[in-house]
Amino acid sequence: MRLRALLDGPAPQVPGTGGRPATGGAHSQVMGSTLTTVGLPVALGIVMLGLGLTLTVADFRRVAHRPAAVAVALLCQVVLLPLICFGLVLAFDLPPVLAVGMMLLAASPGGTTANLYSHLFRGDVALNVTLTAANSVIAVITLPVIVNLSMNRFLPGEAGIGLQFTKSLEVFAIVLLPVLLGMLVRHLRPAFAHRMDRPVRVLSLVILVAVVGGSLVANREILAEHFGRLSGITALFCVISLALGYLVPRTMRIGQRQAIASGFEIGIHNATLAVVIAQAVIGSVEMSLPGGVYGVVMFFIALAFGLVVRSRVPPAARTTSGSTGEAAPAG
């Protein structure tokens, strides 16, 4: 298959193909358009800014108040999921670039979508917010590490295209700086942050759909080529992630609503972040495909998961959405 030639060294590129190699020998298909280099990072930045508007320093302090639930969830997110994803990649025998794309997806943290699902299906939203805050910080370190290890394993001849220090700084800028800015705005102007919360969410959703949709349309041929290959592994990875995030806490006697929150936080990865890093930071359209396919199948699988676990929440606990009084995020 064309992508398997990636292990044999770079191939010449054909002019007018947007940087796409003639035989697939080079690992990436650089999309130098404004949509990829500017649109995707800006869209994700607005999303992360909106996330920051919902966070306070207290959300980080709560880690100390519920160490078991947080530690179990983070262990699953940072250690178990990448190992499981690595096993799936080998079992499905994915081409090298798609394999790295799957590992990039596994290393991407949860986000506001997990908070929304947790709210809808009676999870502990306050725990979700705490996990989202902790994950956003940890991902700045773990994501480049996992991606670089994956590049060394699947693309040993292309080590120079991984996330080196300068590109890791780009990950920091994309993931954490907008969150910190949003938290600063909330700290200095809490009333303004409260008023802007919903408009920023709506704006980020509109921009995100437009930019990601445009990117998918621009690469519809390559997406269609690999959708069948990727739909199975991304769906299975989503199911395993949700189940792992829910069942591991339950086996450790962590509460039902906390387990639901953990399930969604671990099971719903930030596919947009994976797409942005693949295309705008690393410069590979093919590497972003697992994130794009996952973003489609995840919504339906997470919905089914929520319907199953919601029925297990005790009736007395169904009237509140968070155990610490935090307002549930809307998206």
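In this chain, numbering begins with 1 at the start of the sequence shown. The basis for the numbers below is simple: all heavy atoms, side chains too, and nothing from hydrogens, waters or symmetry mates.
Scanning all heavy atoms of the two residues, the minimum distance from L127 to A261 falls at CD2-CB, 4.1 Å. For the pair F192 and V185, the tightest heavy-atom approach, listed with the atom from each and the gap, is CD2-CG1, 3.8 Å. Residues L303 and Y117 come closest through the heavy atom pair N-CE2, 3.7 Å. Closest of all the heavy-atom pairs between A106 and L81 is CB-O, 4.4 Å. Contact between P290 and L105 at its shortest, heavy atoms only, is O-CD2, 4.1 Å. Of all the heavy atoms in C85 and M103, the pair that sits closest is SG-SD, 3.8 Å.
Looking at heavy atoms from C-beta onward, V147 lies in side-chain contact with I282 at the 4.5 angstrom threshold. With contacts defined as side-chain heavy-atom distances shorter than 4.5 Å, the pair M102/L94 qualifies. M151 has its side chain within reach of M287: a pair of non-hydrogen atoms, C-beta onward, lies under 4.5 Å apart.
A donor-acceptor pair under 3.5 Å is formed between the side chain of Y294 and the backbone N or O of H269. Checked by atom type and distance alone, the side chain of S150 pairs as donor or acceptor with a backbone atom of I146 at under 3.5 Å. In this structure, S284 contributes its side chain and A278 its backbone to no donor-acceptor pair below 3.5 Å. A donor-acceptor distance shorter than 3.5 angstrom exists from the side chain of S241 to the backbone of F237, with no hydrogens or angles considered. A donor-acceptor distance shorter than 3.5 angstrom exists from the side chain of R250 to the backbone of I254, with no hydrogens or angles considered.
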Let's go through I266 and L131 carefully: what are the C-alpha distance in whole Å and the side-chain angles of both, what is the deciding distance for side chain to side chain contact (heavy atoms under 4.5 Å, CB included) to 0.1 Å, and is it a yes or a no? CA-CA 9 Å; I266 294 169; L131 290 173; over 6 Å; no
Run M183 and T56 through side chain to side chain contact (heavy atoms under 4.5 Å, CB included) and show every step you take. CA-CA 6 Å; M183 292 179 64; T56 65; 5.7 Å; no
Show, in sequence, the C-alpha distance, side-chain angles and deciding distance for M196 and R189, and conclude whether the side chain to side chain contact (heavy atoms under 4.5 Å, CB included) test is met. CA-CA 11 Å; M196 293 302 297; R189 302 285 297 276; over 6 Å; no
Go through the steps for I240 and L88 under the test side chain to side chain contact (heavy atoms under 4.5 Å, CB included), then give the verdict. CA-CA 10 Å; I240 293 176; L88 290 176; 4.2 Å; yes
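Tracing side-chain contacts under 4.5 Å through hydrophobic residues (I, L, V, M, F, W, Y), one never reaches L149 starting from I141; they form parts of separate clusters. The same ILVMFWY cluster, assembled from side-chain heavy atoms under 4.5 Å apart, contains both L307 and V309. In terms of hydrophobic clustering, with Ile, Leu, Val, Met, Phe, Trp and Tyr side chains grouped at heavy-atom distances under 4.5 Å, L188 and L53 are assigned to different clusters. Cluster annotation: F300 and I268 are assigned to distinct hydrophobic clusters (Ile/Leu/Val/Met/Phe/Trp/Tyr, side-chain heavy-atom contacts under 4.5 Å, transitive).
Summarising the geometry, atom CG belonging to N148 is positioned 9.5 Å from atom CG belonging to L143; distances are rounded to the nearest 0.5 Å. The line from CD1 of I260 to CG of N128 is 10.0 Å long, rounded to the nearest 0.5 Å. Separation of atoms OG1 (T234) and CG (L289) is listed at 11.0 Å; rounding is to 0.5 Å. Note: L90 CG to F154 CZ = 5.0 Å, rounded to the nearest 0.5 Å. Distance check: L184 CG to R186 CZ gives 13.0 Å after rounding to the nearest 0.5 Å. Between the CZ atom of R122 and the CG atom of D124 there is a distance of 14.5 Å, given to the nearest 0.5 Å.
Side-chain contact of Y246 with Q256: a donor-acceptor pair under 3.5 Å is present, judged by distance alone. In summary, the side chains of S108 and N270 do not present any donor paired with an acceptor at a separation below 3.5 Å, with no hydrogens or angles considered.
I138 is linked by a side-chain contact (heavy atoms from CB on, under 4.5 Å) to L74, V78, T142, counting only residues two or more places apart in sequence or in another chain.
Between F264 and F121, the ring planes lie parallel to each other; the angle is under 30°, not in the 30° to 60° tilted range.
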